[in-house]
Participant: 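Quick one: this structure, given as structure tokens, is what I'll be asking you about.
Predicted model only: the values in this text are computed from it and were never measured. Chain letters run A, B, ... following the sequence lines, proteins first, then strands; residues in each count from 1.
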Amino acid sequence: MTTSSFEAIAHWVLARPRPGAFFSDRERRTITGVAEVLLCGEPSKTTPEAAIKNLETFLLRGRSRRALRIRLMLGLLEILPLTLGRRPFSRLAPALRRDIVRAHIARGGHLWKVCSKVRQLVYLGAYSDEVSQSAVGFVQVRLRARYQALSGARPFVAAEGSP
Amino acid sequence: MRHEAADVVVVGSGAGGSVVAHAAASRGLTTLVVERGPYVRGRDMSHREVDMFARLYKDSGMQLNSSMDLVVLQGCCVGGSTVLATNVMFRAPDDALHDWERHGATLDRAALTTSYETIEHALGAGPSKPGNITKGSRLLYEGARAAGYDAHWMQTALGSCTGCGGCNLGCVGDHKPSALTTFIPWAEAKGARVLADTTVERIEWKRGAVTSLLGHTGGKREPLVISAKVVVVAGGAIGSSALLLKSGIRKNVGTRLSFNAGGTLLAEFPSPVDAFDGEQMSCYVTGEGYTLEPVFSPPVSVAMMTPGWFEDHARLMAKYRNLAFAAALVGTLPNGRVVQSRFFGHEEIRFRLEPADLAKLKSGFKAITRAWFGAGAKRVILPTHAFAAIGHPGEVDRIDALCASTRLFDIGSSHPQGGNPLSDDPSVGVVDRNFAVHGFDNLFVCDASVFTSSIRVNPMNTVMALADYAAPRILARA
């Protein structure tokens with residue numbers, strides 16, 4: 001199997017995203033469904049939809065060939081509840097989604113463990129804006145008194161010479 | 001089709017490639033540096049984590065091993081991983097270099113010491129500025145000493161550092177002496193050219209000599225052919241092995257891959273620590289087979305590293321100002337391997353932590369836990385998938401069961417090493433004492449991939465010193 005065949009198969013299996021999007025509509029529903037239950041109670045001020053938008057911007061900007069695996073993981077997560085006799089993940093009520101995340105994804109057995117990586121993706125999106133960062137007490141660098149006093153420091157390259 | 005030619009082509013612009021490129025340009029050789037990632041100068045960097053992850057990290061920071069239980073962070077930009085380093089200036093321990101020698105790596109140790117001195121002088125190595133040391137680092141240092149461990153302040157090379165705490169995001173304003181601010185511009189000043197956003201896909205060779213490099217450049221992936229008298233592969237551990245494998249150079253390639261791998265333990269303190277405000281790490285603790293280092297980051301990284309789901313995670317994030325992290329690092333056995341996956345079409349990292357390394361890691365976890373309690377922590381949270389907190393120093397031995405297997409907790413590494421081991425024994429090594437690929441006249445490797453085994457400490461200084469040591473041996477062929 002060649003390089004292009006895997007990518008060709010993946011693109012064939014996965015629904016096509018809209019122009020300018022990383023996720024297909026179904027994938028976005030799946031991961032937003034995770035974010036809705038995962039971010040409940042978090043100090044982050046970011047809505048689940050905004051968190052996923054932040055994540056999507058990050059994934060579009062990056063250059064990772066491995067990012068395709070995230071889409072495959074979401075496809076898997078969407079259908080895994082079928083093995084429990086449930087509907088696809090994004091079509092479950094929030095309480096059921098929460099139960100599945102808590103009982104299966106967080107415990108990480110077999111294929112569920114693969115899906116547990118979704119946690120990091122949701123948190124990445126949830127804490128990547130300044131409002132959420134301020135909400136946990138982080139002080140932006142430009143606002144720190146010590147940094148303001150030092151921000152005129154010379155770049156290193158101007159201070160040193162070649163050996 | 002674009003054509004380029006040079007006396008010396010260096011594939012990769014990180015700790016190894018930048019130093020060799022500077023040496024080549026200093027000798028008046030036409031020098032071309034090819035870098036897969038973008039050329040992002042300090043004035044174009046920001047403190048926004050997601051932007052910098054996407055622009056500066058290989059695979060946007062999402063590189064995992066095949067079994068998906070080890071995150072491997074590497075730079076992918078001009079300057080390579082040095083752009084993202086905390087510039088801790090350790091030298092390789094003697095016993096690590098002895099281990100290299102046992103496996104056929106013949107080094108002139110006196111010359112290597114001189115190279116260390118050259119690099120440390122060039123980068124301005126010295127103690128951290130006291131005002132830049134975070135409370136998190138001070139707590140680990142004091143807690144470790146109180147618990148009877150061997151704690152030290154680090155030698156770093158942080159130039160005109162402002163203590164913003166964003167070393168892992170590059171360096172806004174170019175205050176840190178990375179390859180991006182030192183050897184690369186110094187090489188350019190001497191005539192070297194840097195081709196960023198350029199990927200070498202394959203080395204063409206015939207009868208032990210490289211004939212050309214094939215790849216593509218720019219956003220439109222314009223096909224590129226490069227010819228050179230000497231080719232130095234310096235794409236880092238993993239990347240360099242991948243390029244050789246894709247080029248049909250297979251003997252021992254990808255073998256003896258090791259890591260400084262570790263897990264981070266989080267401490268919750270009763271009052272704010274504000275560990276984000278200052279250098280990311282300033283002290284270290286040594287123990288039996290492990291090194292402990294403090295590490296702290298802005299909220300995205302902390303949210304991703306903080307264990308727990310739902311309320312466990314939320315409660316900790318709400319206490320962000322009261323948190324401090326420390327990592328236990330072990331130099332793993334060199335049982336890893338870089339392979340070229342036909343299925344995925346790119347390199348894959350095969351690695352599992354051996355029981356002996358796991359035992360060292362657990363010892364490190366216990367030492368961190370005792371150190372954090374020695375510093376007054378309320379509780380210590382383990383990096384386990386199932387949320388696990390140690391609430392009292394007397395519970396430290398629970399770590400044995402809670403971390404009994406790497407299936408139970410997360411590990412990561414920013415220090416992959418090996419894959420193209422240095423050894424005069426062609427049955428072991430990929431490169432010989434002159435850093436030439438066995439059986440080749442004009443193909444060299446010079447980066448962390450030549451490490452015969454893990455050196456157990458932050459490797460930037462050693463990669464740069466080794467490149468300074470290797471440069472005259474390589475360039476003698478040019």
Participant: Taking NZ in A:Lys45 as the centre, count heavy atoms belonging to other residues, nucleotides or ligands within less than 6.0 Å. Is the count above 12?
Facilitator: no
Participant: Say whether, by atom type as modelled, one donor and one acceptor occur between the side chain of A:Arg119 and the main chain of B:Gly308 under 3.5 angstrom.
Facilitator: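 Yes: the side chain of A:Arg119 pairs with the backbone of B:Gly308.
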Participant: Kindly compute the distance separating CD (A:Gln120) from CE (B:Met305), expressed to the nearest 0.5 Å.
Facilitator: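 A:Gln120 atom CD to B:Met305 atom CE measures 11.0 Å (nearest 0.5 Å).
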Participant: What do you reckon, is CZ of A:Arg98 surrounded by more than 12 foreign heavy atoms closer than 6.0 Å?
Facilitator: yes
Participant: Do you know which of B:Pro177, B:Cys164, B:Gly37 has the most heavy-atom pairs under 4.5 Å to chain A?
Facilitator: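 Maximum pair count with chain A is reached by B:Pro177.
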Participant: Is A:Arg61 reaching over with its side chain to a backbone N or O of B:Arg55, donor-acceptor style, under 3.5 angstrom?
Facilitator: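 No.
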Participant: Checking A:Val139 against chain B: side chain, backbone, both or neither under 4.5 Å from a heavy atom?
Facilitator: both
Participant: Tell me, with the steps shown, if A:Arg142 and B:His47 meet side-chain contact (heavy atoms from CB on, under 4.5 Å).
Facilitator: CA-CA 9 Å; A:Arg142 67 177 184 280; B:His47 292 109; over 6 Å; no
Participant: Using non-hydrogen atoms only, which part of B:Pro298 is less than 4.5 Å away from chain A: side chain, backbone, both, or neither?
Facilitator: both
Participant: Before you tell me yes or no, could you show the steps for B:Trp309 and A:Ile105 under side-chain contact (heavy atoms from CB on, under 4.5 Å), namely the whole-Å CA-CA distance, both residues' side-chain angles and the distance that decides it to 0.1 Å?
Facilitator: CA-CA 10 Å; B:Trp309 298 71; A:Ile105 298 177; 3.6 Å; yes
Participant: Answer yes or no: does atom CZ of A:Arg102 have more than 12 heavy-atom neighbours from other residues, nucleotides or ligands under 6.0 Å?
Facilitator: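 More than 12 within 6.0 Å, yes.
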Participant: Between B:Gly159, B:Gly131, B:Cys171, B:Ser178, which has the largest tally of heavy atom pairs under 4.5 Å with chain A?
Facilitator: B:Gly131
Participant: If you count the non-hydrogen atoms of other residues, nucleotides and ligands that lie under 6.0 Å from NZ in B:Lys135, is the total more than 12?
Facilitator: yes
Participant: Which atoms of A:Arg66 come close to chain B, meaning under 4.5 Å heavy atom to heavy atom: side chain ones, backbone ones, both, or neither?
Facilitator: both
Participant: Does any backbone or side-chain atom of A:Val136 lie under 4.5 Å from a heavy atom of chain B? Answer side chain, backbone, both or neither.
Facilitator: both
Participant: Which value, rounded to the nearest 0.5 Å, describes the distance between B:Met68 atom CE and A:Arg69 atom CZ?
Facilitator: 7.5 Å
Participant: Name the region of A:Leu59, side chain, backbone, both or neither, that has any atom closer than 4.5 Å to a heavy atom of chain B.
Facilitator: side chain
Participant: A:Ile70 versus chain B, heavy atoms under 4.5 Å apart: side chain, backbone, both or neither?
Facilitator: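 Interface part for A:Ile70: side chain.
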Participant: B:Lys176 versus chain A, heavy atoms under 4.5 Å apart: side chain, backbone, both or neither?
Facilitator: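 Backbone only.
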Participant: Below 4.5 Å from any heavy atom of chain A, which atoms of B:His313 appear? Answer side chain, backbone, both or neither.
Facilitator: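 Interface part for B:His313: both.
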Participant: CD of B:Glu49 to OG of A:Ser128: how many Å apart, nearest 0.5 Å?
Facilitator: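 Result: 8.5 Å between the selected atoms.
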Participant: Counting only heavy atoms closer than 4.5 Å, note whether B:Leu316 contacts chain A via side chain, backbone, both or neither.
Facilitator: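 Nothing of B:Leu316, per the 4.5 Å heavy-atom cut-off to chain A.
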Participant: Can you tell me how far the CZ atom of A:Phe58 sits from the CE atom of B:Met62, to the nearest 0.5 Å?
Facilitator: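 Those atoms lie 5.0 Å apart.
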Participant: Heavy-atom distances under 4.5 Å only: say whether A:Thr57 touches chain B with side chain, backbone, both or neither.
Facilitator: neither
Participant: Got a second to check how far A:Glu42's CD is from B:Met317's CE, nearest 0.5 Å?
Facilitator: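 Answer rounded to 0.5 Å: 7.0 Å.
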Participant: Side chain from CB out, backbone as N, CA, C, O: work out which of these in B:Arg315 comes under 4.5 Å of a heavy atom of chain A, or both, or neither.
Facilitator: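 Neither part.
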Participant: Determine whether A:Gln133 and B:Phe276 make a side-chain contact, defined as any pair of heavy atoms from C-beta on separated by less than 4.5 Å.
Facilitator: no
Participant: Under a 4.5 Å heavy-atom cut-off, does chain A meet the side chain of B:Arg321, its backbone, both or neither?
Facilitator: both
Participant: Would you indicate whether A:Arg26, at its atom CZ, is surrounded by more than 12 heavy atoms from other residues, nucleotides or ligands within a distance under 6.0 Å?
Facilitator: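 Counting other residues, nucleotides and ligands, CZ of A:Arg26 stays at 12 neighbours or fewer.
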Participant: Examine whether an atom of B:Thr306 lies under 4.5 Å from a heavy atom of chain A, and if so say whether it belongs to the side chain, the backbone or both; otherwise answer neither.
Facilitator: backbone
Participant: Atom NZ of residue position A:Lys53 - does it have more than 12 heavy atoms of other residues, nucleotides or ligands inside 6.0 Å?
Facilitator: no
Participant: What verdict does the side-chain contact (heavy atoms from CB on, under 4.5 Å) test give for A:Val101 and B:Phe310, after you've listed the backbone C-alpha separation in whole Å, the side-chain angles of each residue and the deciding distance to 0.1 Å?
Facilitator: CA-CA 10 Å; A:Val101 171; B:Phe310 301 112; 3.5 Å; yes
Participant: Side chain from CB out, backbone as N, CA, C, O: work out which of these in B:Phe53 comes under 4.5 Å of a heavy atom of chain A, or both, or neither.
Facilitator: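 Both parts, backbone and side chain.
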